[in-house]
Participant: 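Sharing a structure, written as structure tokens. Questions coming.
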Amino acid sequence: MAHGSLSQFKATLARKNARKDKAEGKFDRKKLGFKDSDSKPEFDFPEISESELENLKKDIRKKAKSDRRKELAIFGIILIGIICLLVFLNM
């Protein structure tokens, strides 16, 4: 004999179907004209020489390094401020 009643089973099925409908979305994607994921976009990037590419890489690395230094400086200042605040409050 099964545990529970028919109404509990129907309620469970209704909740399952509601979760399924919510996961699938409200609208039919085929009718809305979504593009297929199989088609890949084509980009028209300009061709550059090896030396220009190396210069571009150097510039990007330099900018990343300076950004990292700025972030570390800000983090250090905030950390020192928090430590000073904690020391001041414990006195």
Participant: Calculate, to the nearest 0.5 Å, the distance between atoms CG and CD1 belonging to Leu86 and Ile83 respectively.
Facilitator: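 It comes to 8.0 Å.
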Participant: If the condition is side-chain contact (heavy atoms from CB on, under 4.5 Å), which residues does Ser51 pass it with, not counting sequence neighbours?
Facilitator: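 For Ser51, the residues satisfying side-chain contact (heavy atoms from CB on, under 4.5 Å) (neighbours in sequence not counted) are Ser49.
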Participant: List the atom pairs, donor and acceptor, that lie under 3.5 Å between side-chain atoms in residues 56-78 and the rest of the protein, sequence neighbours left out.
Facilitator:
from	atom 1	to	atom 2	distance (Å)
Lys63	NZ	Asp67	OD2	3.2
Ser66	OG	Lys63	O	2.9

Participant: Tell me the side chain to side chain donor-acceptor pair (under 3.5 Å) pairs involving residues 10-19, sequence neighbours left out?
Facilitator: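 The answer is Thr12-Arg15.
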Participant: Could you pull out all residues at least two apart from Phe43 that satisfy side-chain contact (heavy atoms from CB on, under 4.5 Å)?
Facilitator: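 Phe43: side-chain contact (heavy atoms from CB on, under 4.5 Å) contacts with Pro41, Phe45.
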Participant: Test of understanding: with ring-ring contact (aromatic ring centres under 6.0 Å, His included), list the residues that count as partners of Phe88, not counting sequence neighbours.
Facilitator: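 ring-ring contact (aromatic ring centres under 6.0 Å, His included) check on Phe88 returns nothing, list empty.
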